[in-house]
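Worksheet for the structure shown next.
Side chains are part of it too, since the values below use all heavy atoms of this structure and drop only hydrogens, waters and symmetry mates. All chains are named by letter (A, B, ...) in the order of the sequence lines, taking the proteins before the strands, and each is independently numbered beginning at 1. Just so you know, these numbers come straight off a predicted model, no measurement behind them.
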Amino acid sequence: MARFLDSDLWWDFKHSPLVMTSAAITALMFLVALFAPQVAPYDPFDMASIDLLDALRPPAWAEGGSVAYLFGTDDQGRDVFSTILYGSRISLLVGFLSVIMAMLIGVLVGLIAGYKGGWLDAVLMRIADIQLSFPAILVALLIDGVVRGILPRGAHEELAVLVLIVAIGLSFWVQFARTVRGSTLVERTKEYVLAAQVTGLPDTLIVFRHILPNVMGPVLVIATIQLALAIIIEATLSFLGVGVPPTSPSLGTLIRIGNDYLFSGEWWITVFPGLALIVLVLAVNFLGDWLRDALNPKLR
Amino acid sequence: MESMASNMQNTVEQNAGASPSTPLLDIRGLTVEFPGRRGNLVAARDVSLALAKGEILGVVGESGAGKSTIANAVIGLLDPPGRMASGEVYLAGRRIDALRLPAMRAIRGRRIGMIFQDPLTSLDPLQTIEAQLLETITAHLGMTESAAQRRAVELLDAVGIPEPSARIKQYPHQFSGGMRQRAVIALSLCAQPEVLLADEPTTALDVSIQSQILDLMRQLVRERALGMLIITHDIGVISEIADRVAVMYCGAVVETGATAQVLARPAHAYTKSLIAAIPRPDRKTARFRLVQQHATVESTARRLDVKTHWLGQRRSFDGDGDGDGDGDSGVDSSNASNAALVELENLCMRFTTVPSVFKSRRRYLDAVDDVSFSIRRGEVFGLVGESGSGKSTIGRLICGIHAPHAGRIRFAGVPLDARGSRRALNRLRRQMQMVFQDPFSSLNGRMRVRDIVAEPIRFHRMAEGAQLRAIVLDLLDYVGLGGAAAPRFPHEFSGGQRQRISIARALATRPRFLVCDEPTSALDVSIQAQILNLLKDLQQELGLTMLFISHDLPVIRQMCDRVGVMKSGRLREVNDTETLFTAPRHEYTRHLLDLMPKLDILSGDGGDGDNPN
Amino acid sequence: MFFFIARRLLQAVGVMLAVGLIAFALFQFVGDPVNNMTGQDTSLAEREALKEELGLNDSVFVQFGRFIGNAARGNFGHSYRQRRPVDELIWERFSATIELSAVSALLALLIGIPMGVYTALKRHSWLSRAFMTLSLIGVSLPTFLIGIFLILIFGVTLNWLPTFGRGEVVDVGGWTTGLLTLSGIKSLILPAVTLAVFQMTFIVRLVRAEMLEVLRADYIKFAHARGLAARAVNFGHALKNTLVPVITVIGLQIGSIVAFAIITESVFQWPGMGLLFIHAIHEVDIPVMAAYLMLIGLLFVIINLVVDILYYAIDPRLRLS
Amino acid sequence: QANTFRFAFQGDAQSLDPHGLNETFTLSLLGNVYEGLTAYDGDLGLIPALATAWEITSPTTWRFNLRRGVTFHNGNSFNADDVIFSWRRMIADGSDQKSRAGLISAINRIDDYTVEAVTDAPQPTLAREMVYMYVMDKEWSEANDSTQPASPRTAGRENAYSTLNANGTGPFTVTERQPEVKTVLRRYDNYWGDIDSNVTEVIFTPIAQAATRVAALLSAQIDLAYPVPVQDWNRLDNTAGVRALTGPEARTIFLGMDQGRDELLYSNIKGKNPFKDMRVRKAFAHAINLDAIKRTIMRGASTPSGLLWAPQISGYRAATNTPYEYDPEESKRLLAAAGYADGFEVTMDCPNNRYVNDEKICQAVAGMLARVGVTVDLLAQPKSKYFAKVLAQGGYDTSFYLLGWTPGSIDVYNVFQNLLSCQNSEQKRGQFNLGNYCNSEVDRLADGIGSETDADARQSLIDAATRIVQREVGYLPLHQQPLSWGVRDGIAVTQRPDNVLDLRYVVVE
Ligand SMILES: Nc1ncnc2c1ncn2[C@@H]1O[C@H](COP(=O)(O)OP(=O)(O)OP(=O)(O)O)[C@@H](O)[C@H]1O
Ligand SMILES: Nc1ncnc2c1ncn2[C@@H]1O[C@H](COP(=O)(O)OP(=O)(O)OP(=O)(O)O)[C@@H](O)[C@H]1O
Ligand SMILES: [Mg+2]
Ligand SMILES: [Mg+2]
């Protein structure tokens with residue numbers, strides 16, 4: 001910890017108000033999403049607490065608004081503020097878990113391919129190439145489509161979040177795999193690895209204890225940037241109607257629903273979730289961007 | 001990159017008409033700073049240097065002394081955030097450090113040529129040599145296309161590139177390293193500059209190419225009456241080429257003078273220690289002499305009583321039972337001292353350089369080709385040879401990093417191959433260790449020093465808990481680092497200190513055979529001397545057998561009992577060190593010895609110094 | 001050169017086979033096609049006959065071989081939903097998507113590369129800071145939101161540009177194009193901009209990052225040391241070297257433009273393959289999904305081949321051996 | 001001069017085959033190209049089309065005099081053979097018009113321009129059913145290998161000509177057909193009739209996203225869009241050059257419950273079917289606040305209903321139209337009495353692109369039921385998947401669903417036959433009675449309604465049956481949804497209560 005506080009990274013961080021703001025926003029949105037049930041004034045997933053008669057209230061400060069509903073209510077009488085909190089929760093959940101999944105797969109594949117080399121490397125990297133030719137959104141759509149076909153009718157909706165995580169995760173692993181493989185190829189020939197080999201350490205130990213910590217830097221950068229992308233993709237899929245169902249809406253679903261009210265004057269149904277999405281993604285992107293520059297010694 | 005041009009406005013045109021006595025290049029009180037978050041780093045402090053027409057001025061000093069910084073400042077290409085804090089630079093009497101960018105551009109290349117260190121990366125890989133030459137020539141000399149073309153070919157010819165008119169159409173990657181360095185020289189000379197700044201122009205090159213390049217530069221300076229500033233940390237290069245020499249230490253010039261005088265009678269303490277630390281190619285010395293003030297680390301080393309300490313305990317590796325069995329201590333004496341510990345028989349190693357599904361399209365490289373020799377117990381066996389001759393590969397084969405393609409390796413009489421049980425192999429493996437060349441990459445930056453040292457012990461279950469901790473601290477003490485190093489991370493240490501950590505790690509398994517693969521080639525001479533001393537002491541104290549790999553003949557001479565000479569994967573000659581140096585048999589050996597800088601002018605007290613301990 | 005191209009082609013075939021396998025697996029995973037083809041009153045015997053006729057009783061390998069064989073001839077069977085040959089369906093939509101993607105790609109490249117170069121060269125100017133901030137916002141905005149807001153502003157509020165469809169198209173030798181009519185071009189603007197924004201900001205950032213790396217290279221420093229003009233260094237040396245790594249990524253990026261067109265097409269009701277595909281997903285129309293997949297695969301392979309050849313043309317290091 | 005009329009709908013006609021799919025929009029678009037023997041005018045009044053006159057010659061025999069001098073778009077002339085051929089085609093495999101055509105047991109050719117339709121039982125509304133029994137050209141169909149209906153649902157192996165080509169007798173011909181992209185119709189110059197429309201070319205584009213559709217209308221790229229979201233009416237009316245065209249639709253939206261199975265397919269209650277308990281159905285009825293749905297989701301534009309048919313439907317009587325009262329306390333009491341004091345879980349199937357705000361209604365219903373303790377899992381899907389699941393071809397795979405119904409014949413018998421009779425696939429009855437609400441008394445009364453020709457007697461049969469269904473809570477009627485079109489000024493259209501856009505009435509200024 002002391003080492004961290006003393007590091008250039010931390011110094012850099014402290015001297016960039018923009019980055020600190022982004023970090024604060026990200027942290028805030030995370031916390032708020034995490035503690036949505038505690039923070040949100042209402043539970044939008046609890047059908048019993050929603051009253052249709054409260055529907056379409058404008059934001060608190062607008063005419064006809066009520067302080068009970070800060071950002072107004074949607075067509076079902078759900079508090080927009082609460083739905084945003086719960087929606088971010090789902091967006092972040094999907095984003096996080098899918099990136100972690102992609103990271104696990106990618107790092108593992110990258111380490112194996114880079115360390116073992118040979119035909120295994122060739123095969124894994126060809127698979128990665130093929131995967132890379134199918135952009136995330138397409139892979140996610142396809143997996144979603146296939147799952148719709150395989151799962152019994154109705155089950156899909158329940159598993160929607162899981163399907164999204166798997167779909168996005170599966171489409172993201174390549175970035176990690178390629179980067180890790182690249183770094184592993186470099187690390188593998190470094191003498192500390194040779195030293196470990198001379199000591200007689202088994203490969204698994206070398207890979208996980210020695211190489212892995214040394215290739216994690218870029219992985220973290222990618223993870224941040226992918227997180228932002230995953231959140232967008234989840235929103236996009238939900239917008240296209242193949243994401244999470246509207247009864248437990250994510251930010252994307254909220255925007256899709258609100259979209260129907262764009263012309264009728266109930267702008268708050270779509271604008272606030274839209275802003276929340278943009279602010280969240282922007283903050284995460286800012287962090288990732290900064291981290292990438294900060295961790296790249298050549299850019300100093 | 002042009003930071004310096006902007007922060008100095010006073011373009012004073014003093015000394016307009018340069019008198020014959022004014023130096024060609026005059027650096028006065030130059031101070032360069034790198035502002036960083038931990039304050040200003042002063043890379044050059046009040047440096048004054050003068051260079052005359054037709055003169056070669058050598059700048060020496062250890063790594064980080066500020067040598068490159070000076071050259072970069074002269075030409076106005078300090079890396080950001082570097083800036084000239086004070087000082088003036090005059091070219092033929094005219095001040096140039098405050099020039100605006102366009103004026104500076106007119107000087108760069110045209111009046112001051114610059115050669116950067118690495119010939120492999122100084123050329124744009126996407127353009128032909130011709131294109132790069134032509135654009136420089138036309139930019140400065142305003143020649144017609146065809147005239148410039150002619151000149152370009154002439155230049156290549158002048159720097160000794162064969163068939164220049166054909167070669168000029170080629171891309172950099174089609175040139176060898178030496179040819180690329182020549183092309184870089186041609187590029188820096190193509191606009192006929194008056195001053196040439198050469199920043200370590202030969203470090204990446206082979207000894208034989210190095211001597212050719214140095215010859216070339218000397219010849220060019222004489223012919224064209226250039227003034228040349230050559231930066232290096234290689235005293236050998238200086239002694240061969242420089243008329244005068246400036247010694248830098250910590251950003252300041254500590255001594256200037258004629259080469260012969262500085263090398264033979266160094267005045268400043270740093271220069272003295274530097275010169276004392278240079279391995280003597282001409283005779284063998286017991287230890288390197290270290291000037292006290294620059295060798296503080298050495299004195300902190302705690303001598304352990306290896307007879308009683310864990311490190312020396314139970315060091316019996318012979319016999320059939322488990323290696324840790326009998327409590328026989330110290331140097332193993334059971335066998336005759338001239339019995340072989342390591343034997344290589346017809347060892348071959350072939351790498352696939354171009355993999356392909358089709359056998360016919362695959363390309364191979366025989367890195368080690370039918371090599372046989374043996375290393376006796378307790379002896380230091382040296383392996384020399386030019387870069388790429390297969391030295392490291394042999395070391396790695398013995399340590400099991402590569403599996404040989406053919407031939408066999410015997411260790412203490414036991415063949416090392418996959419046929420043996422894993423356990424048995426492991427036991428043998430524990431008895432050998434390796435110290436690597438690059439102290440920066442040979443330690444895992446994410447592990448604390450104590451874990452790095454403890455890992456082999458822990459893995460082989462040789463000790464644990466409190467005992468392990470004590471052993472690690474002892475080892476660190478023993479290599480002269482002290483226990484305070486234990487909880488720190490490698491990046492907090494200097495190159496020499498890191499190499500000590502590497503050695504401690506290698507000792508951790510109580511090996512009896514140590515492969516040292518160019519353990520000091522990345523270090524400055526003074527630190528090199530410390531490490532070599534340490535290795536020598538350890539070897540004697542622990543009775544280690546050593547394979548010492550280097551391409552540096554003087555170092556080999558100081559370290560080894562016997563030497564093998566390698567060239568292109570083959571072993572050309574094996575002999576006692578003294579015999580080899582005094583009466584080489586193989587022609588290639590003779591060639592190598594010829595290229596070795598003579599350093600005859602070195603001060604006399606660099607010889608058999610008294611041991612500080 | 002010959003070997004180079006031949007090897008690439010071989011790889012391309014390999015990739016297509018792999019993609020084919022995935023497409024084929026779709027059919028295997030997603031239920032019995034017979035169920036999708038017959039009504040509920042089709043008798044068991046009829047189903048069996050149909051199965052036999054479709055070759056569904058053959059071994060998986062035979063079926064895969066047949067699938068690949070058919071696919072190679074552009075035959076992907078019939079859409080479960082529209083009851084028409086898939087190749088016909090896709091072909092109808094092909095030109096719409098390709099024109100949209102091509103224009104977007106061009107926009108993204110023509111704006112993105114210069115902006116990237118500028119921000120790398122003038123790293124600290126306020127304009128490049130502005131560009132970088134904009135580009136960050138660009139990558140953070142979901143495409144569909146951009147589309148919606150463009151429609152609101154330029155379609156509904158200002159009423160300048162059409163908000164849906166492709167406008168008038170003309171048929172030029174079997175290829176329908178909207179580029180030759182005024183309404184076609186006007187219709188193209190909003191979707192193309194929407195689609196280009198993300199890619200453009202991506203390219204800006206990519207070019208900038210690579211250029212910064214290159215600007216730090218020794219040969220750039222050496223070029224400065226030779227006293228070359230700034231323009232010669234920045235464009236003659238730095239930019240060209242920047243493009244080498246950038247080309248691959250841009251190639252991949254162009255491939256993904258076609259995929260991202262799905263979103264744009266559904267926001268703007270653009271009658272392209274993406275719209276077809278998203279409908280197919282909604283309705284689990286496997287033949288269309290499979291064909292689209294293969295098509296994207298093919299597109300990728302072609303783009304890659306072009307990129308490789310470009311690479312070959314730009315980078316002399318590859319020409320050896 | 002050339003008058004082009006552009007309009008957009010949320011989906012496309014699924015096929016150009018007139019017998020392939022019995023779906024309102026498909027039939028409505030094709031109604032401009034194909035014609036039946038009879039037709040509706042703008043107020044759903046029955047008028048002659050390909051038949052000039054008809055009479056009931058015996059309770060089970062209808063005689064139709066066919067129009068002379070009518071030519072199909074390809075020039076072939078129309079006669080009795082085409083009528084018989086088309087009817088045969090409608091009862092063939094793959095036809096989705098079987099329930100209409102199946103009412104007829106034979107059509108006899110009297111002469112070239114006279115046919116006689118024979119039914120098994122008296123069918124007083126047969127002439128109305130004829131509206132959507134479109135007539136195809138026998139020769140054209142035979143020449144193009146299209147004698148069998150090509151149904152998009154039973155996706156086939158080869159391309160059927162009739163799905164992409166049309167040859168009717170209607171006022172418009174299809175000149176360009178790009179499924180899901182664009183369909184262009186052109187005025188048929190040799191049309192037999194005299195129509196209001198001055199439109200020479202019609203360009204139809206499906207636009208799926210409501211916002212895009214409305215934007216297209218607002219920015220004057222199209223002349224008519226439907227449906228427009230009810231919440232956008234204000235916006236349309238306040239925008240110069242466009243207006244919202246609204247009115248009550250003859251479609252009733254209702255909820256149905258599976259009362260047939262002994263155990264619900266999608267519920268946590270095992271071993272019994274809560275919906276078989278009348279108290280549970282009643283509890284549901286009292287839990288739903290129709291006024292709230294009307295006010296918020298439908299923006300006041302729906303007509304809450306206690307009946308499964310709308311006022312426009314013949315057989316409607318206002319006195320019987322009493323919606324269930326909103327009384328959540330009563331609802332909870334009933335549930336407790338039925339043994340579900342803690343409620344239960346059930347999955348609700350819902351289309352999300354078929355009816356006005358369909359998914360939102362379902363969500364609201366789910367919310368209201370949640371307040372009395374019933375947990376509803378909502379499964380909202382696009383209509384094609386939804387129908388494939390809940391309709392007969394999906395095996396009535398549902399426990400609780402939302403459906404909308406407009407009797408094609410604009411007669412209440414159609415409702416009895418399809419929704420209120422026990423399921424009986426042989427007699428083609430109760431085919432859309434997805435929850436199999438079944439009461440033999442209602443069935444008997446329905447038979448009477450079908451055959452009784454005296455209006456008063458028939459009405460009392462209807463009332464009697466209505467009372468039974470209402471008492472037993474066989475269905476949960478919600479409302480009649482509004483017609484919601486957006487039209488540019490200068491376009492005169494007639495908005496038919498069955499949400500059909502009949503191009504015959506479109507006049508461009
Ligand atoms: N861009 C930079 N930013 C910060 N500090 C720098 C930079 N470049 C050089 N320095 C510092 O300036 C000092 C002098 O560096 P310089 O490169 O001149 O040394 P040198 O004598 O050429 O060493 P070497 O023999 O390793 O090339 C070093 O301490 C170095 O860390
Ligand atoms: N893993 C490998 N794969 C392919 N070629 C290799 C590999 N390791 C070494 N080589 C090649 O084998 C040859 C001998 O290499 P080696 O490292 O043993 O030389 P060296 O004598 O130690 O040279 P140096 O003094 O530069 O360290 C070189 O040409 C090298 O390129
Ligand atoms: Mg240097
Ligand atoms: Mg080596």
Side-chain angles (χ1 to χ4, degrees), chain A residues 18 22 126-127 129-139 141-142 144-151 225 228-229 231-242 251-252 255-256 258-259 262-263 267 270 273-275 277-286 288-289 292-293 296 298-299, chain C residues 11 14-16 18-19 22-23 25-26 29-31 36 123 132-133 135-137 139-145 148-149 151-152 156 198 205 209 212-213 216 252-253 255-260 262-263 266-267 274 277-278 280-286 289 292-293 296-297 299-301 303-304:
Chain A
L18 202 57
S22 302
R126 284 297 85 69
I127 292 175
D129 277 352
I130 294 171
Q131 165 82 76
L132 204 61
S133 61
F134 295 98
I137 190 95
L138 186 63
V139 176
L141 277 172
L142 263 177
D144 199 88
V146 170
V147 169
R148 270 161 203 275
I150 298 173
L151 286 183
I225 292 170
L229 207 59
I231 293 172
I232 289 193
I233 288 186
E234 183 281 322
T236 305
L237 289 177
S238 293
F239 179 80
L240 291 175
V242 293
L251 289 177
I255 294 167
R256 171 166 66 95
N259 206 15
L262 262 183
F263 297 118
W267 50 271
T270 194
L275 279 179
L277 178 66
I278 293 172
V279 167
L280 175 62
V281 176
L282 197 61
V284 174
N285 262 333
F286 246 121
D289 220 38
R292 178 172 49 196
D293 284 1
N296 183 352
K298 289 193 207 142
L299 282 184
Chain C
Q11 273 180 10
V15 170
M16 284 316 292
V19 176
I22 298 171
L26 284 183
F29 279 133
V30 189
N36 286 304
R123 195 143 84 96
M132 287 316 289
T133 312
S135 82
L136 205 55
I137 294 174
V139 289
S140 306
L141 281 178
T143 306
F144 60 90
L145 272 185
I148 291 168
F149 284 108
I151 288 182
L152 260 187
V156 176
F198 183 86
R205 307 167 68 70
L212 283 179
E213 291 272 306
R216 245 163 229 103
L252 282 176
Q253 219 47 36
S256 74
I257 281 189
V258 176
F260 272 93
I262 297 170
I263 307 158
S266 66
V267 172
F277 181 67
I278 194 84
I281 294 268
H282 278 296
E283 322 262 341
V284 198
D285 193 346
I286 300 295
M289 283 160 70
Y292 183 76
L293 190 67
I296 295 283
L299 205 73
F300 165 78
V301 161
I303 289 177
N304 256 292

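With a threshold of 4.5 angstrom between heavy atoms, A/Phe286 approaches chain C through its backbone and through its side chain. Of the two parts of C/Leu145, only the side chain, counted from C-beta on, holds a non-hydrogen atom closer than 4.5 Å to a non-hydrogen atom of chain A. Looking at C/Val156, the atoms closer than 4.5 Å to chain A (heavy atoms on both sides) all sit in the side chain, from C-beta outward. Neither the backbone nor the side chain of C/Val258 comes within less than 4.5 Å of any heavy atom of chain A. Of the atoms belonging to C/Val15, heavy atoms from both backbone and side chain fall under 4.5 Å from chain A. Contacts of A/Ala235 with chain C are made by both backbone and side-chain atoms, with heavy-atom separations under 4.5 Å. For a residue to count as touching a neighbouring chain, one of its non-hydrogen atoms must lie under 4.5 Å from one of that chain's; by this rule C/Leu152 touches chain A with the side chain only. The part of C/Ile278 that comes within reach of chain A is its side chain, from C-beta onward, which places non-hydrogen atoms under 4.5 angstrom from that chain. Residue contact with chain C, scored on non-hydrogen atoms closer than 4.5 Å, involves the backbone and the side chain of A/Leu141 alike. Interface remark: A/Leu229 contributes side-chain atoms only to the contact with chain C (heavy atom separation under 4.5 Å).
With rounding to the nearest 0.5 angstrom, the CG atom of A/Asp289 is 4.0 Å from the CZ atom of C/Arg205. Distance CD1/C/Ile281 to CG/A/Leu138: 7.5 Å, rounded to 0.5 Å.
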Practice problem: Would you sort out whether C/Phe260 and A/Thr236 count as a side-chain contact (heavy atoms from CB on, under 4.5 Å), showing the intermediate values? | Solution: CA-CA 10 Å; C/Phe260 272 93; A/Thr236 305; over 6 Å; no

Self-check item: Stepwise side-chain contact (heavy atoms from CB on, under 4.5 Å) test for A/Phe239 and C/Ile148
Solution: CA-CA 12 Å; A/Phe239 179 80; C/Ile148 291 168; 3.9 Å; yes

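Between A/Leu282 and C/Ser140, the closest heavy-atom pair is CD1-OG, 3.2 Å. Here the shortest heavy-atom pairing between C/Val139 and A/Ile232 reads O-CD1, 3.4 Å. The two residues A/Ile278 and C/Pro142 have their closest heavy-atom pair at CG1-CD, 4.4 Å.
When the candidates C/Leu293, C/Ile22, C/Ile262, C/Thr133 are compared by the number of heavy-atom contacts under 4.5 Å with chain A, C/Leu293 comes out ahead. Between chain A and the options C/Ala259, C/Gly14, C/Ala18, heavy-atom pairs under 4.5 Å are most frequent for C/Ala259.
The closest side-chain heavy-atom distance from C/Tyr292 to A/Leu142 is not below 4.5 Å. The shortest distance between side-chain heavy atoms of A/Ile255 and C/Phe144 falls below 4.5 Å.
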